[in-house]
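First the structure, in the form of structure tokens, and then the observations on it.
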Amino acid sequence: MSTASALSVALLLTVSACGDDASDGAAETPAAASVAGVTITRDAALHAALPEQIRTAGVVRVATDVPYAPFEMFVTEGKPELTGLDYDLGQALGAKLGVKFAFTPQKFDGIVPAIQAGKFDAAMSAMTDNKERQAVVDFVDYSVSGSGIMVVKGNPEKITTLNDLCGKKTAVQAATNQLELLQEHQAQCKAAGKAEIGIQTFPKDSDAQLALRSGKVVAQVQTKPAAGWTAKTADNGSAFEVVDDPAAAGGYGASPNGIAVSKKLPQLSDAIQKALQALIDDGTATKIFDKYGVASIAVKEATKNAAVD
């Protein structure tokens, strides 16, 4: 997860002012909300299960690091309106719980300390659920993601797994987990009697993408969410596609991403988990993930604190 842009910091006071008003009981929760084409209404039982201070305020104060596509983005550069998978999912959860999920930009490395300090109730920011963070926050896990393979539209080289990259030029950003993944896979190529992957490193993800577009490499390895979003949006979806290896649906080396919730609010964690499961069961969550080209990283069960480290 990247750190927030300077623009996020500039917008912090504006957006957090809205959150402060809401926490004083000024929030007006709509009777229903439309997210990803689905109308979501309040579940009275889930609303009643929320902590009293959340019900009274009518708002859950949510920290997020913007931008980090496709999870959180600005609708328009220079304006505070947000979009993205996390934002849409937050609005859906809020509608189901009958409260407002008010998002405030916050530098990523400051999110957990801000929750501990009571500035926020929760965070939705593509945050990896790990045991170190679990010591100070609880997680409701909503996706599992790792590294993915992106190829040009039509997949002319018929790439289906990492093994298919053996002996072929593959682009990757330098100093990333994806580079380590490819380096570690060289031994498997050798064991299979194949040539090593022709790893081509680039300083920026966009440079690696250009190499793929121009045919200098046959594939690019990056985070699966980033690959899915690029494939969905580049040239209106006509430039690239993502390889879905059945043995690694969420990506290689996948780990859970979760909604971080203050340990002081266990009722909120429980309510969010139940609301998320309801959205999974009725198909709303799938539509939200599919909107951003990352349906394969969605979980089928809303778990808590499911770190794999």
Are the side chain of Lys153 and the backbone N or O of Gly237 linked by a donor-acceptor pair below 3.5 Å?
yes
Fit a plane to each ring of Phe289 and Tyr142, take the angle between them on a 0 to 90° scale, and name the class: parallel (under 30°), tilted (30 to 60°) or perpendicular (over 60°).
tilted
Once you round to the nearest 0.5 Å, how far does CD of Gln173 lie from OG of Ser206?
8.0 Å
Can you tell me how far the CD1 atom of Ile115 sits from the CG atom of Leu265, to the nearest 0.5 Å?
10.0 Å
Any chance you could lay out the side-chain hydrogen bond (donor to acceptor under 3.5 Å, both in side chains) test for Asp290 and Thr286, step after step, and finish with the verdict?
CA-CA 6 Å; Asp290 190 54; Thr286 298; over 6 Å; no
Tell me whether Met150 is reachable from Val221 by hopping between hydrophobic residues (I, L, V, M, F, W, Y) whose side-chain heavy atoms are closer than 4.5 Å.
no
The complete set of salt bridge (Lys or Arg N to Asp or Glu O under 4.0 Å) pairs with one or both residues in residues 249-262, sequence neighbours excluded, reads none
Over all heavy atoms of both residues, which pair between Ala278 and Lys96 is shortest? Give the atoms and the distance, please.
CB-CE, 4.3 Å
May I ask you to check whether over 12 heavy atoms, not counting those of Lys274, lie within 6.0 Å of atom NZ?
no
So does Asn305 get a backbone contact from the side chain of Asp138, meaning a donor-acceptor N/O pair under 3.5 Å?
no
Side chain to side chain, Val151 and Glu241, heavy atoms closer than 4.5 Å
yes
Starting from Val75, walk the hydrophobic network (Ile, Leu, Val, Met, Phe, Trp, Tyr; side-chain heavy atoms closer than 4.5 Å) and list everyone else you reach, by chain and number.
none
I'd like to check Asp121 versus Ser262 (side-chain heavy atoms, cut-off strictly below 4.5 Å). Are they in contact?
no
Taking the side chain as every heavy atom from C-beta outward, state whether Glu72 and Asp65 have any atom pair closer than 4.5 Å.
no
Do Leu97 and Leu50 come within less than 4.5 Å of each other through their side chains, counting heavy atoms only?
yes
I want to check something: taking the side chain as every heavy atom from C-beta on, are Leu82 and Thr64 in contact at a cut-off of under 4.5 Å?
yes
Which heavy atom of Ala33 sits nearest a heavy atom of Ala95, and at what distance?
CB-CB, 3.7 Å
Are any non-hydrogen side-chain atoms of Asp164 and Lys158 less than 4.5 angstrom apart?
no
Thr170 side chain to Ala219 main-chain N or O, any donor-acceptor pair under 3.5 Å?
no
Arg61 side-chain N/O to Gly118 backbone N/O, donor-acceptor pair under 3.5 Å:
yes
Can you tell which of Val261, Asp129, Asn257 makes a side-chain contact (heavy atoms from CB on, under 4.5 Å) with Phe139?
Asp129
Got a donor-acceptor contact below 3.5 angstrom from the Lys263 side chain to the Gln134 backbone?
yes
Donor-acceptor under 3.5 Å (Asn130 side chain, Arg133 main chain)
yes
Can you spot which of Phe120, Phe71, Tyr87 makes a ring pair (Phe, Tyr, Trp, His ring centres under 6.0 Å) with Phe103?
Tyr87
Would you check, one step at a time, whether the test salt bridge (Lys or Arg N to Asp or Glu O under 4.0 Å) holds for Asp244 with Lys224?
CA-CA 10 Å; Asp244 283 319; Lys224 193 159 188 184; 2.7 Å; yes
Is the count of non-hydrogen atoms from other residues, nucleotides or ligands lying under 6.0 Å from Lys169 atom NZ greater than 12?
no
Give the minimum heavy-atom separation between Pro225 and Ile297, together with the two atoms involved.
CG-CD1, 3.9 Å
Are Tyr252 and Leu212 connected into the same hydrophobic cluster when the rule is that any two of I, L, V, M, F, W, Y join if their side-chain heavy atoms are below 4.5 Å apart?
no
Are Val152 and Val217 grouped together when hydrophobic residues (ILVMFWY) are joined by side-chain heavy atoms under 4.5 angstrom apart?
yes
Roughly how far, to the nearest 0.5 Å, is the CG atom of Leu268 from the CZ atom of Arg55?
12.0 Å
Smallest heavy-atom separation, Ile280 atom then Ala302 atom, equals CD1-N, 3.9 Å
Heavy-atom check, side chain of Tyr68 versus side chain of Ser125, under 4.5 Å:
no
Could you go through residues 181-190 and list every donor-acceptor pair under 3.5 Å that involves a side-chain atom there, pairing it with any protein atom two or more places apart or in another chain?
residue : atom : partner : partner atom : Å
His185  : NE2  : Asn163  : OD1          : 2.7
Gln186  : OE1  : Ile197  : N            : 2.7
Gln186  : NE2  : Ile197  : O            : 3.1

Leu46 CG to Asp270 CG distance, which is reported to the nearest 0.5 Å:
11.0 Å
Would you say Val294 and Leu276 are hydrophobically clustered, going by side-chain heavy atoms of ILVMFWY under 4.5 Å?
yes
Assess whether side-chain contact (heavy atoms from CB on, under 4.5 Å) is satisfied between Asp205 and Gln220, documenting all intermediate values.
CA-CA 9 Å; Asp205 181 76; Gln220 177 185 356; 2.8 Å; yes
Heavy-atom nearest pair, Asp141 first then Ala306, reads OD2-N, 2.9 Å
Just wondering, are more than 12 heavy atoms of other shown residues or ligands nearer than 6.0 Å to NZ in Lys131?
yes
Would you mind telling me which of Leu279, Asp86, Leu89 makes a side-chain contact (heavy atoms from CB on, under 4.5 Å) with Ile288?
Leu89
Verdict with reasoning, Ile199 to Leu179, per side-chain contact (heavy atoms from CB on, under 4.5 Å)
CA-CA 8 Å; Ile199 301 173; Leu179 174 57; 3.7 Å; yes
Looking at every non-hydrogen atom in both residues, tell me the closest pair between Val140 and Gln273 and how far apart they are.
CG1-CA, 3.7 Å
Using side-chain heavy atoms (C-beta onward) and a distance below 4.5 Å, is Lys216 in contact with Gln200?
no
Show your working on side-chain hydrogen bond (donor to acceptor under 3.5 Å, both in side chains) between Ser238 and Asn236 and close with a plain yes or no.
CA-CA 6 Å; Ser238 65; Asn236 294 316; over 6 Å; no
Determine, using the 4.5 Å side-chain heavy-atom cutoff (strictly less than), whether Ile149 and Leu210 are members of one ILVMFWY cluster.
no
